[in-house]
Amino acid sequence: MENRWRDADAAAFAGDLLQLRVYTSRLLGQDPDLVLHGGGNTSVKITQKNFFRESESLLYVKGSGWDLGSIEAAGFPAVKMDVLLKMAQLDHLSDTDMVRLQRTAMIDPGAPNPSVEAILHALIPFTFVDHTHADAVVTLSNTPKGEELLRELYGPRMLIFPYVMPGFILAKDVYQRTQNIDWSAYDGIILLHHGVFTFADEAKASYARMIEIVAKAEAYIEAQGASCSPGASIETLTAEQDLLTLAAIRRRVSQLQGRASLCRLSQSPLSLLFSRQKNLQQIATQGPLTPDHVIRTKRIPAILGEDPVAAIDEYAEEYQRYFDNNKTDGLTCLNPAPCWAVWPGIGSLKFGGGVKELGIIDDINQHSMKSILQAEKLGGWRALPEKDIFELEYWELEQAKLKKGAAAAALQGKVALVTGAASGIGKACVESLIAEGAVVAALDIDPAIETQFDSTSVMGLRCDVTDRSSLHAALRSLITHFGGLDILVSNAGAFPLSAGIEDIEDANWDKSMAINLSSHQRVLSSCIPYLKQGVDPAVIFIASKNVPAPGVGASTYSVAKAGMTQLARIAALELAAEGIRVNTLHPDAVFDTAIWTDEVLEKRARHYGLSVAEYKTRNLLKTEIRSSDVAALVCALAGPLFAKTTGAQIPIDGGNDRVI
Ligand code: ZN
């Protein structure tokens, strides 16, 4: 545990208490062994003049929705101290009322909600108060002799309180325990199974105490030989059967969650080490590192056995039992699916609606697995009883958030694969799909695809779609990274030279067939096993207006596209029983693609005696068709709007009398 305070950096904020608070909060937030994703909170007490020139004592405390690592002054709503202290004296207060009362005591009604620990911060009579869920301290607490051990380690200058539900009950408990104490006799408070508070009148001192306390716990763990240092072994899932199992697990979790969910396999050295523990079932199903992780990860992971999908079902049944055993009136049961799973000998899996959620769950998992393995070497991992965890999971403030439930994007949690994704319609499809909430494997033969999309929702994969082994490698990356496949946009194509039939060179003909026809059969057949495990799976072929309305000199292109259309029609017949929809788009005159340079456009327009604008809108509706228009229709075809349509061919050409 490193003390990151630098006098030279802090000097810039000298005398500005709030800016110093921002500075040390960020120092805490930079260390994931101290706080993770919105965990922990900090405050500073400042006396200042209000509008009426009256002196007012305020608590600036971390607002909800902010992360300590990136917090700014605006992330600290100011709450009147006298109101907070009065609240601590109430006998009962629901957390909903607590939040409401705190809001009425804020000086800026537009600021975020203060942390639920605001009253506790107010009670501690020092200018700066720092609170973290430090791994090392909580790990020691989560062992059979945790409390004894902590008392021995920290001596009489540490207050050690038993676990109490965060929020008003905790504030009230600390209020009662500290009414007659001499605060100067203490350096900090450890809340068992929860975290650490430090305090001082100087920002530097409060922060330094936190670092010292945590460093001491880390040193103890190391001295006991309980540090966790997994090897460097990395395995990758390669067998097709395992990849299909992964997709089947993801589908079952999605069904139980009632939404499409991503699934990511982690084979980090720690995940592998953890997944190989002989007593995995016993150590992994005790409970979380610290109770507030339950909101992200649920109480325990699923442990996958011989039949991983059946294990997910058993988890759901067990979750229902947990809810029924602990529920109180008016509670709504959350979906019973696991948020993460351990696959013995293979690694860990996490499930989430988006890439950000996967990252948060994975960070929490990695810290939890490390702590569990350490605690096992210190006598055993002991988490809080399930009742305490349930209380937090079903906290009224969390249930209220649930009821508000923001509407998810139409394709949230869906996994798509787009071929020919580096430019034109393919690129537009990638952009539209991620805007609608999907994640995408963007395939192209151009190596630039690997770095082209600056989004964690896109995997750029170099792939030759005419080559099966190249396709299988891309699918392997996709499945381990996102867990499955729901949407295939078969778009890769090339525009060959136009020539009359008697003048066509065989090589050009063969090349067009390879890319514009055969590759689509290879892509589709390689994807079918995964699409069968998809969530509301859909395939969209990008064909051409040339299919219903062919033109002279274009047989090399049109015949391949007609073959592709026939492939799509037969696929619609063959795959309907699996619930896979297959539809075809016939775009025309999409000019914002790489082949249509300004020069080419002008030349073509001149050829017809038209201006470029007239040439671009040569259709019945006199409208220009852009790549993004085609992409929007692709998204619609992949979504619920077309849930009952398969085998269709839809023109997107502004209206063409030959097609009509
Ligand atoms: Zn806390």
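Indexing begins at 1, ligand by ligand and atom by atom, following the structure's order. The chain is numbered in sequence order, starting from 1.
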Novice: Answer yes or no on whether Arg177 is positioned over the face of Phe161, meaning its NZ or CZ is under 6.0 Å from the six-membered ring centre and within 45° of the axis.
Specialist: yes

Novice: With sequence neighbours left out, write down each residue that passes ring-ring contact (aromatic ring centres under 6.0 Å, His included) with Phe168, or none if nothing qualifies.
Specialist: none

Novice: Phe199: which residues meet the ring-ring contact (aromatic ring centres under 6.0 Å, His included) condition with it, sequence neighbours left out?
Specialist: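 Phe126, Trp183.
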
Novice: Do NZ/NE/NH1/NH2 and the carboxylate oxygens of Glu393 and Lys298 come within less than 4.0 Å?
Specialist: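 Salt bridge between Glu393 and Lys298, a charged N being under 4.0 Å from a carboxylate O: no.
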
Novice: Checking Tyr207 now: which residues fulfil side-chain hydrogen bond (donor to acceptor under 3.5 Å, both in side chains) with it, not counting sequence neighbours?
Specialist: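 None.
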
Novice: Is it true that the NZ or CZ of Arg299 lies under 6.0 Å from the centre of Tyr322's six-membered ring and within 45 degrees of the ring axis?
Specialist: yes

Novice: Under 2.8 Å from the Zn ion (ligand 1), which protein N, O or S atoms are there? Could you list them by chain and number?
Specialist: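 Listed by chain and number, the atoms are His131 NE2, His133 NE2, His194 NE2.
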
